[in-house]
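Here the structure comes first, spelled out in structure tokens, and everything after it is commentary.
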Protein chains: 2
Amino acid sequence: MAKLQKSIDKRNALVKATIELVNNNGFHATPMSKIAKMANVSPATIYLYFENKQDLVNQTYIDVKAEYTNYAFADFDPNMPIEEGFEMIWKRIADFKLNECEHAMFLAQCDNTPMIDEESRQEGIKHLQPLLDLWERGKKEGVIKPLSDYILYAYAINPLSFLMMTQKRGSFTLDKAHLEEAYQSAWSSIKMCK
Amino acid sequence: MAKLQKSIDKRNALVKATIELVNNNGFHATPMSKIAKMANVSPATIYLYFENKQDLVNQTYIDVKAEYTNYAFADFDPNMPIEEGFEMIWKRIADFKLNECEHAMFLAQCDNTPMIDEESRQEGIKHLQPLLDLWERGKKEGVIKPLSDYILYAYAINPLSFLMMTQKRGSFTLDKAHLEEAYQSAWSSIKMCK
DNA sequence: AAAAAAAGAATGAACGTTCATTTTTTCTGT
DNA sequence: ACAGAAAAAATGAACGTTCATTCTTTTTTT
């Protein structure tokens, strides 16, 4: 176990360094040598844990995506009432984007860039299923508008990425009150009107 | 004029090649030599038109951003009624993201990446003023929710970027009906409820 | 003929990756 | 429990390649 533990620590340090450097400099300006230095490791050691640079960034993406969805669904129970479940998930996602914003920024960069392999991208999407299931149920119950999942995501969830990004750029800070406003906008854009 | 024209043609070809290559391969995988080849120009010639690679990508960004806002506000008149003006701008933006989606994708990539200088980013934001002015007027008239411009943009405009991206990835196509639904979601997320 | 624009080849630096070696960990027999 | 052999992990230096940029020459325009 001691041996395995050490390996995991090193792998995590490499993933962490990748996130930080890609966030600050972009993929195009983060050489393996810098990643190694930041993780306190020799460049050659990276290749004991990852096949090559592409594999490192793919695996980092999948790791962070999994962390994101675990965080989002941590307290969620598929039997909850629709609105309650949605609010819980939405607020967990908002928390993630604000508290773990290094990780959220990394995902935003990956999602708009050809820097991740298509295969890893697909892998990352899978974990979102509970939210899609909730929407499906909501549509059947007549609580959620009968729109494509993509449109629902675009209006209910994706705006948080934009807000996180502008906040990170310093032009604007998202306080408690803003967050409640944003939640109301999100919910009202997907709920069935009475 | 012949000379000037020729120069402009060459500059445009370089900008166009940059957009196409960065879209398909990412900034990290588009060398100057490929840009030159695609523009039918020697690598050395790039440096007659641009200081260096960073300058080329900054200028490309500003060019595309200006094209975007020109397109968005082409038929807009600041004296229009709020809702009519918003609908016009929104639909022009939607058109741009669907018809000029190479350019829209390039902007999406730039906006979530540290590949553009902060100065050029600021330069690109300026042209959005007419929309902010419209919202300001809407808030005064009690037609638009009194929210921060960033939140309004996040819910009313930004979802289009996400939809364009997923459409480009082929998972989904945004038809006329979808577009009308999306517009209704956008408007209902920012309009004052009666 | 002079000036400007463009070209291809050249340059030095930086990159991703691998190689030969050293260090650390694990295993074995006593 | 422990010496020491075997295996595994880690390293720094080195390799070949590719890159952004520049230099010198050629071509085109004035």
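Throughout, protein chains are lettered first and strands after them, A, B, ... in sequence-line order, and every chain is numbered starting at 1.
For B/Tyr49, taking side-chain heavy atoms from C-beta onward, the closest of the listed nucleotides D/dG12, D/dA10, C/dA6 is C/dA6. Among the nucleotides C/dA7, D/dT11, C/dT18, the one closest to the side chain of A/Thr45 is D/dT11. For B/Tyr47, the listed nucleotide lying nearest its side chain is D/dT21; candidates were C/dG8, C/dT17, D/dT21.
The shortest distance between side-chain heavy atoms of A/Trp135 and A/Ile190 falls below 4.5 Å. Two residues are said to be in side-chain contact when any heavy atoms from C-beta on lie closer than 4.5 Å; B/Leu107 and B/Tyr61 meet this criterion.
A donor atom on one side chain and an acceptor atom on the other are not found under 3.5 Å apart for A/Asn24 and A/Glu20. If you check the side chains of B/Asp133 and B/Gln129, you find a donor sitting under 3.5 Å from an acceptor. The closest side-chain donor-acceptor pair between B/Asp55 and B/Tyr49, if any, does not fall under 3.5 angstrom.
Here the P atom of nucleotide D/dA9 and the NZ atom of A/Lys10 are 11 Å apart, to the nearest Å. One interatomic measurement links the two molecules: CG of B/Leu14 to C1' of C/dA5, which rounds to 14 Å at whole-angstrom precision. Taking atom CG of B/Leu48 as the reference point, atom P of D/dT27 lies 17 Å away to the nearest angstrom. The nearest whole Å value for the distance from the NZ atom in A/Lys53 to the C1' atom in D/dT17 is 15 Å. Between the CZ atom of A/Phe50 and the C1' atom of C/dG16 there is a distance of 15 Å, rounded to whole Å. Rounded to a whole Å, the CG atom of B/Asp55 is 14 Å from the C1' atom of D/dT21.
The stretch residues 23-36 of chain A has no heavy atom under 4.0 Å from DNA chain D, so no residue of it qualifies as close.
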Using residues 154-161 of chain A as the side-chain source, report each donor-acceptor pair under 3.5 Å to any protein atom, sequence neighbours left out, with the distance given to one decimal.
unit_1	atom_1	unit_2	atom_2	d
A/Tyr155	OH	B/Ala182	O	2.9
A/Ser161	OG	A/Lys97	NZ	2.7

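In secondary-structure terms, DNA chain C builds stems of at least 3 consecutive Watson-Crick or G-U pairs, each pair having both distances under 3.5 Å, at C:1-30 with D:1-30.
Between B/Val41 and A/Ala44, the residue anchored closer to the 5' end of DNA chain C is B/Val41, taking for each the nucleotide with the nearest heavy atom.
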